[in-house]
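This is a predicted model, so every value here is computed, not measured. Quick note on labels: first sequence line is chain A, next is B, and so on, each numbered from 1.
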Amino acid sequence: MEVIQPRLPKGMRDILPRQMVLRQYVLGIVERTFAEFGFEPLITPSVELAEILLGKYGAEAEKLIFMVQHRGGKEKLALRYDLSVPLSRVVAQYPDLPKPFRRYQIAPVWRAERPQKGRYREFWQCDADIVGSSSMLADAEIIALIYTVLQRLGFQQFVIRINDRKILSGIGQYSGVPEAQLPELYRTIDKLDKIGIEAVREELQASGLAGQMIDRLLALLQPGKDGQAALDDLRRELMDYPLAQEGIAELTELLSYLPSLGVKDGFYRVDLAMVRGLDYYTGPIYETVVEKPRIGSITGGGRFDGLVGKFSVQSYPATGTTIGIERILDVMEELRMFPSDVGETTVQVLVTVFNADLMHESLRLLTALRSAGLRCELYYDTDPLGTQIRYALKKGIPFVAIVGPDELASAQVTLRNLPLKSQVQVARSEVSEFLRRQFASEATPPPL
RNA sequence: GUGGGCGUAGCUCAAUGGGCAGAGCACUGGUCUGUGGAACCAGGUGUUACGGGUUCGAGCCCCGUCGUCCACCCCA
């Protein structure tokens with residue numbers, strides 16, 4: 001019979017148990033931190049009506065939306081592209097949600113991109129957003145949240161780049177570039193840190209911008225300059241541009257909150273050349289980059305005050321971020337950032353079976369351990385102990401429990417700790433408590 | 001969507017200038033009744049991605065398709 005080739009759609013992956021252990025460790029820290037910051041969980045469908053998603057992200061991004069159809073379906077459907085637009089729909093659809101509405105959502109999104117390193121067609125986003133407040137405290141808390149999550153995950157080196165769409169718009173006005181060509185200008189500016197100041201100068205020249213204006217723009221963007229100093233320069237230079245002044249005031253206020261929220265210097269930077277591609281951002285924007293593995297941004301977000309208004313006459317200001325779990329996992333694996341007690345499996349104990357006569361002893365022990373909340377697997381055959389132990393080693397199960405004739409006679413259980421190559425005999429009545437103590441401190445995130 | 005590299009066993013890779021399908025690991029079954037990733041035996045390890053062309057003869061050369069990786073665009 002012809003077999004069907006086992007394979008996956010382009011850009012999509014299976015996540016096998018060994019990877020899931022690492023993933024759940026990271027997700028646990030992310031979710032716990034979201035909850036500590038006062039965000040509440042939300043789930044929305046993977047599929048939205050196409051009209052909900054279309055016209056929100058910009059022409060380029062919209063091409064990447066996965067359309068969904070089924071035979072005879074009358075609704076036009078699409079897989080969600082991000083979590084911010086569904087959130088905006090939810091807020092518009094349930095007007096009685098108390099504001100500010102603080103929700104987190106950890107869920108897969110889909111983008112029909114060409115896959116490459118750190119880029120998949122299905123990946124998970126961890127969003128935390130605040131809807132219904134225009135306070136810069138909200139933006140500052142989002143940045144503190146990003147900082148806290150990355151600290152707890154053990155990131156030593158990262159920079160949260162901060163800019164403001166209003167400042168970019170002001171710079172656009174100041175440059176005298178026609179409205180229609182502004183997106184091109186922003187795209188070029190965004191490349192500053194990637195291709196360098198001279199390459200950007202050349203691109204601006206090629207686009208027909210006057211040399212004098214190019215000099216003034218590049219001077220304003222000041223890649224090397226300290227954030228507050230750069231903002232002060234801007235404030236003077238863009239005196240006549242109210243929108244830019246608004247953005248400068250926003251960032252100044254936002255920055256003032258960060259130290260008291262525990263965000264340390266050096267982990268964030270005002271970067272006037274950082275743009276972000278999505279259309280819906282309206283105020284402060286932020287993204288996090290790491291130097292070591294060059295993998296693009298690991299978080300991204302900003303203020304999107306106009307999005308809820310697309311779904312309701314009642315509009316609400318909103319801000320938030322997404323944390324890219326796949327890229328974070330890629331980085332952490334590459335830098336070997338996982339604590340040693342994050343093992344290869346979630347199974348804690350293998351209960352062995354000494355022989356057919358003692359099978360029921362093993363079953364009783366198994367049941368007792370499970371009742372105590374320990375994660376246990378039973379070995380199904382009466383293979384020699386060596387074979388059973390090798391099985392545990394291979395799967396990375398840390399403890400092996402043995403009930404043989406000797407243990408039965410003395411009402412004890414032998415517990416072998418495979419990583420430590422040690423073993424102890426514990427009274428049958430105390431086995432559960434003993435093992436629970438062994439696992440008491442496992443994989444808990446370090447306090448700040 | 002644009003450009004480039006690469007496609008041999010499940011995985012990592014060999015195969016003289018065109019001349020008979022290879023290794024390690026993994027996997028499946030078996031042997032082994034008190035302790036370490038074992039050994040031994042047996043076994044799929046495969047239309048050399050697919051289709052066409054050149055040739056007496058193609059894993060190798062040419063064309064096309066598909067897949068994959070990388071860069072660009074953009075993004076998490």
Side-chain angles (χ1 to χ4, degrees), chain A residues 2-3 5-13 16 30 57-65 81-84 106-127 146 183-184 186-188 190-191 194-195 274-279 281 285-290 294-301 321-331 344 350 352-359 379 381-408 414-423 425:
Chain A
E2 184 76 12
V3 300
Q5 287 306 313
R7 57 201 187 100
L8 286 169
K10 187 199 300 282
M12 303 198 181
R13 304 170 300 163
L16 300 178
V30 170
Y57 302 103
E60 287 301 309
E62 187 154 312
K63 291 179 195 162
L64 305 180
I65 293 176
Y81 176 89
D82 72 354
L83 301 176
S84 301
I106 297 173
V109 302
W110 292 267
R111 298 182 183 178
E113 295 194 86
R114 211 128 126 189
Q116 57 178 273
K117 189 167 206 67
R119 173 173 308 186
Y120 309 100
R121 286 188 155 191
E122 177 183 60
F123 62 97
W124 286 59
Q125 292 194 325
C126 309
D127 266 43
I146 295 167
E184 188 190 342
Y186 297 147
R187 264 202 301 278
T188 304
D190 194 31
K191 294 181 188 172
K194 196 165 191 175
I195 65 178
M274 193 270 291
V275 176
R276 300 205 54 75
L278 298 180
D279 271 4
Y281 292 120
I285 49 179
Y286 11 89
E287 71 178 25
T288 306
V289 291
V290 292
R294 281 199 84 80
I295 200 169
S297 49
I298 56 175
T299 81
T321 189
T322 189
I323 295 179
I325 193 77
E326 335 282 334
R327 285 188 179 173
I328 283 178
L329 281 163
D330 283 351
V331 171
E344 300 167 9
L350 177 72
T352 60
V353 175
F354 193 84
N355 60 32
D357 292 339
L358 290 170
M359 170 66 83
Y379 197 92
D381 299 300
T382 54
D383 288 329
L385 270 182
T387 304
Q388 301 191 42
I389 287 169
R390 277 193 292 276
Y391 173 79
L393 285 164
K394 185 166 185 181
K395 286 187 74 166
I397 301 171
F399 276 91
V400 167
I402 300 166
V403 191
D406 299 345
E407 286 84 355
L408 187 62
T414 295
L415 292 175
R416 184 150 184 83
N417 182 325
L418 298 181
L420 295 181
K421 301 182 193 230
S422 64
Q423 72 183 35
Q425 299 214 324

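With B/rC70, B/rA38, B/rC73 as the choices, the nucleotide that has an atom nearest any side-chain atom of A/Arg390 turns out to be B/rA38. When distances run from any side-chain atom of A/Lys194 to the nucleotides B/rG3, B/rG36, B/rC73, the shortest one goes to B/rC73. Nearest to the side-chain atoms of A/Lys117 among the listed nucleotides B/rG36, B/rC69, B/rC70 stands B/rC70.
Using the Watson-Crick or G-U wobble rule with both distances under 3.5 Å, B/rU68 pairs with B/rG5. Nucleotide B/rC40 is matched to B/rG30 when pairs are restricted to Watson-Crick or G-U wobble geometry with both distances under 3.5 angstrom. In a base pair of the Watson-Crick type (N1 to N3 plus N6-O4 or O6-N4) or a G-U wobble (N1-O2 and O6-N3), with each distance short of 3.5 Å, B/rC56 is matched with B/rG19.
Nucleotides B/rC62 and B/rG18 place their C1' atoms 14 Å apart, quoted to the nearest Å. Using atom C1' as the reference point in both B/rC60 and B/rC20, the two lie 15 Å apart (nearest Å). For the C1' atoms, the distance from B/rG10 to B/rA49 is 15 Å, rounded to whole Å. Separation of the C1' atoms belonging to B/rG59 and B/rG7 is 11 Å when rounded to the nearest angstrom. Taking atom P in both B/rU31 and B/rU16, one finds a spacing of 43 Å when rounded to whole Å. Rounded to whole Å, the separation between the C1' atoms of B/rA15 and B/rA71 comes to 32 Å. Comparing the C1' positions of B/rU8 and B/rG46 gives a spacing of 8 Å, expressed to the nearest Å. Distance check on atom C1': B/rG29 versus B/rU45 gives 15 Å, rounded to whole Å.
A/Leu16 has its CG atom 13 Å from the P atom of B/rC11, to the nearest Å. Atom P of nucleotide B/rU68 and atom CZ of A/Arg121 are separated by 9 Å, given to the nearest angstrom. One interatomic measurement links the two molecules: CD of A/Gln388 to C1' of B/rA38, which rounds to 16 Å at whole-angstrom precision. One interatomic measurement links the two molecules: NZ of A/Lys63 to P of B/rG1, which rounds to 10 Å at whole-angstrom precision. Taking atom CZ of A/Arg13 as the reference point, atom C1' of B/rC69 lies 15 Å away to the nearest angstrom. Here B/rA26 presents its P atom at 7 Å from NZ of A/Lys394, a figure rounded to the nearest Å. Across the protein-nucleic acid pair, A/Lys191 atom NZ and B/rA71 atom P stand 16 Å apart, rounded to whole Å. Counting to the nearest Å, the P atom of B/rC70 and the NZ atom of A/Lys10 are 13 Å from each other.
Mapping A/Pro9 and A/Glu287 onto RNA chain B by nearest heavy atom places A/Pro9 at the nucleotide closer to the 5' end.
Residue contacts for A/Asp381: at a heavy-atom cut-off of 4.0 Å it reaches no nucleic acid atom on any strand shown. Nucleic acid contact class of A/Ile325 (heavy atoms, under 4.0 Å, all strands): none. Using a 4.0 Å heavy-atom cutoff across all strands shown, A/Thr299 reaches sugar-phosphate atoms only and no base atom. Backbone-only engagement by A/Gln125 is indicated by non-hydrogen atom pairs under 4.0 Å involving sugar-phosphate atoms exclusively.
When all heavy atoms of A/Arg121 and A/Lys10 are compared, the pair lying nearest together is CD-O, 3.1 Å.
Counting only N and O atoms by type, the side chains of A/Tyr391 and A/Asp383 include no donor and acceptor under 3.5 Å apart. If you check the side chains of A/Gln423 and A/Thr414, you find no donor sitting under 3.5 Å from an acceptor.
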All N/O contacts under 3.5 Å from nucleotides 33-35 of chain B to the protein, with atom names and distances to one decimal?
{"residue": "B/rG34", "atom": "O6", "partner": "A/Pro405", "partner atom": "N", "Å": "2.9"}
{"residue": "B/rG34", "atom": "O6", "partner": "A/Asp406", "partner atom": "N", "Å": "2.8"}
{"residue": "B/rG34", "atom": "O6", "partner": "A/Glu407", "partner atom": "OE1", "Å": "3.4"}
{"residue": "B/rG34", "atom": "N1", "partner": "A/Glu407", "partner atom": "OE1", "Å": "2.8"}
{"residue": "B/rG34", "atom": "N1", "partner": "A/Glu407", "partner atom": "OE2", "Å": "3.2"}
{"residue": "B/rG34", "atom": "N2", "partner": "A/Glu407", "partner atom": "OE2", "Å": "2.5"}
{"residue": "B/rU35", "atom": "O2", "partner": "A/Arg416", "partner atom": "NE", "Å": "3.2"}
{"residue": "B/rU35", "atom": "O2", "partner": "A/Gln423", "partner atom": "OE1", "Å": "3.4"}
{"residue": "B/rU35", "atom": "N3", "partner": "A/Gln423", "partner atom": "OE1", "Å": "3.0"}
{"residue": "B/rU35", "atom": "O4", "partner": "A/Gln423", "partner atom": "NE2", "Å": "3.3"}

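Between A/Leu393 and A/Leu418, some side-chain heavy-atom pair lies under the 4.5 Å cut-off. Put simply, the side chain of A/Thr387 reaches to within 4.5 Å of the side chain of A/Tyr379, judged on heavy atoms. Between A/Leu329 and A/Trp124 the shortest side-chain heavy-atom distance does not fall below 4.5 Å. Using a 4.5 Å heavy-atom threshold, the side chains of A/Met12 and A/Trp110 count as touching.
Judged purely by atom type and a 3.5 angstrom limit, A/Arg111 has no side-chain atom pairing as donor or acceptor with the backbone of A/Tyr120. A side-chain donor-acceptor contact under 3.5 Å links A/Thr352 to the backbone of A/Ala401.
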